[in-house]
Amino acid sequence: MKVQTEQDFGTDPTKVRDTDHYTEEYVDGFVDKWDDLIDWDSRAQSEGDFFIQELKKRGAKRVLDVATGTGFHSVRLREAGFEVVSADGSAEMLAKAFENGRKRGHILRTVQVDWRWLNQDIHGRYDAIICLGNSFTHLFNECDRRKTLAEFYSALNHDGVLILDQRNYDSILDHGYDSSHTYYYCGDDVSVYPEHVDDGLARFKYAFSDGSTYYLNMFPLRKDYTRRLMQEVGFQKIETYGDFKETYRDADPDFFIHVAEKA
Ligand code: SAM
């Protein structure tokens, strides 16, 4: 397999609004930096045991991490006693996750699969699916979002739960970006900034202290739109937390976390 080391957004990066582009965005250099970006220790500190408690409350044991990335949640949940399968569409991300798992004494069970065809490669049902770290916003059209949610829905047991988070794009779209906000997974040596925002694109720039820069093109999901899609796919009860809290003013949180129950 040819390893791509540079991101390629072509001559007009703001025109790249394509669900399939994510595998080209997580190139080796960026994947290597991602752990600096998310700084595991401070991330663990800021999210506390929110996800572990939400899963335990529902008696979940088998968890599918569909956006494994470099493995942060897969490893944390294994250490908390859950049985975890770690999926992602990016081979580079999964390789890094596996390496990170080994360093911490775990052999992650990894599956490379795109969400839109999840059930081709993921067999059996799960008590919970987690899709974290603002991953769902990589999907650029509604068909892909509906297909993905339907695949998640059918990989869950009858009373399963989907936990999916997203940036607070409502606030960015309506009020602009407030740079005083420090996103919860950021390391100290990286700045994160939306270089371009319109109704169909949020293009984030990740600038590292060593001078390297990378970009991610995301779709700016509005909170209520995500909730509606989940409802329409069949999830019965959806609770949305703002930065891990039940009550919040809509403009304040950096992240929303949707906890969607199937039954
Ligand atoms: N959850 C990790 C975290 O919080 O650090 C990773 C988040 S990263 C922003 C998004 C991840 O979603 C990437 O690893 C990417 O490969 C994966 N991803 C994006 N679109 C995908 C798709 N259509 N199918 C499977 N994985 C996808």
Side-chain angles (χ1 to χ4, degrees), residues 4 7 16-28 30-44 46-47 50-51 63-77 84-101 108 110-122 128-152 155 162-167 169 183-187 190 192 194 202-206 214-221 244 254-257:
Q4 198 178 339
Q7 289 186 316
V16 179
R17 298 166 186 231
D18 174 11
T19 295
D20 290 319
H21 199 257
Y22 72 95
T23 51
E24 287 160 55
E25 295 178 23
Y26 292 105
V27 293
D28 260 18
F30 190 28
V31 170
D32 284 341
K33 296 262 168 208
W34 189 258
D35 283 328
D36 300 337
L37 176 76
I38 63 175
D39 183 350
W40 284 30
D41 289 340
S42 59
R43 187 174 184 183
S46 66
E47 70 177 41
F50 179 88
F51 298 113
V63 180
L64 177 64
D65 182 355
V66 286
T68 297
T70 60
F72 173 77
H73 286 107
S74 286
V75 168
R76 271 208 95 191
L77 294 184
V84 184
V85 170
S86 307
D88 199 291
S90 157
E92 281 79 9
M93 280 299 207
L94 282 180
K96 187 77 183 173
F98 194 78
E99 188 189 314
N100 280 337
L108 295 188
T110 56
V111 183
Q112 187 198 353
V113 63
D114 189 285
W115 303 324
R116 290 165 290 172
W117 300 279
L118 188 83
N119 290 286
Q120 269 180 15
D121 292 292
I122 293 290
I129 290 181
I130 56 168
C131 182
L132 300 175
N134 198 38
S135 299
F136 190 66
T137 69
H138 276 292
L139 300 172
F140 269 94
N141 64 68
E142 186 159 314
C143 268
D144 290 335
R145 286 176 215 120
R146 287 186 187 278
K147 173 95 174 92
T148 291
L149 288 175
E151 292 283 315
F152 292 172
L162 167 66
I163 306 182
L164 183 151
D165 71 4
Q166 62 168 99
R167 278 188 200 277
Y169 288 113
Y183 290 123
Y184 70 86
Y185 59 66
C186 291
V190 60
V192 184
R203 178 169 163 81
F204 280 88
K205 177 178 180 180
Y206 298 84
Y214 295 90
Y215 293 86
L216 289 179
N217 280 15
M218 317 284 230
F219 178 83
L221 290 165
F244 309 113
D254 291 324
F255 268 74
F256 292 122
I257 301 131

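Predicted, not measured: the structure shown is a model, and the values here were computed from it. In listed order, ligands and their atoms are each counted from 1. The first residue of the sequence shown is numbered 1, and numbering continues consecutively from there.
The closest non-hydrogen atom to atom 3 (C) of ligand 1, taken over Arg43, His73, Met93, comes from Arg43. Among Phe72, Trp115, Trp40, Phe136, the residue whose heavy atom lies nearest to atom 18 (N) of ligand 1 is Trp115. In the candidate list Thr70, Asp65, Asp88, Leu216, Asp88 is nearest to atom 15 (C) of ligand 1, counting heavy atoms.
Residue Gly89 has at least one nitrogen or oxygen atom sitting less than 3.5 Å from a nitrogen or oxygen atom of ligand 1, judged on distance alone. Backbone and side-chain nitrogen or oxygen atoms of Leu132 are examined, and one is located within less than 3.5 angstrom of a nitrogen or oxygen of ligand 1.
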I would like to know whether Met93 and Gln112 meet side chain to side chain contact (heavy atoms under 4.5 Å, CB included); could you show each step before the answer?
-> CA-CA 10 Å; Met93 280 299 207; Gln112 187 198 353; over 6 Å; no
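Residues passing the side-chain contact (heavy atoms from CB on, under 4.5 Å) test with Ala155 are Leu118, Asn119, Ile129, sequence neighbours excluded. In terms of the salt bridge (charged side-chain N to carboxylate O under 4.0 Å, His left out) criterion, residue partners of Arg146 (sequence neighbours excluded) are, by chain and number, Glu142, Glu232.
By the 30° and 60° cut-offs, the orientation of the rings of Phe244 relative to Phe50 is tilted. The aromatic rings of Trp40 and Phe72 sit perpendicular to each other, their planes meeting at more than 60°, with 30° as the lower class boundary.
Between Lys96 and Glu92 there is no salt bridge, since no side-chain N of the basic residue sits under 4.0 Å from a carboxylate O of the acidic one.
Of the heavy atoms in Asp144, none comes closer than 4.0 Å to ligand 1.
Paired with Ile130 under the rule side-chain contact (heavy atoms from CB on, under 4.5 Å), one option of Leu164, Leu77, Val84 passes, and it is Leu77.
Residue-ligand proximity, Ser90 to ligand 1, at heavy-atom distances under 4.0 Å covers atoms 16 (O). The Gly133 neighbourhood of ligand 1 comprises atoms 4 (O), 7 (C), 9 (C), with distances under 4.0 Å to a heavy atom of that residue.
By the 4.0 Å heavy-atom criterion, Val113 is counted among the residues contacting ligand 1.
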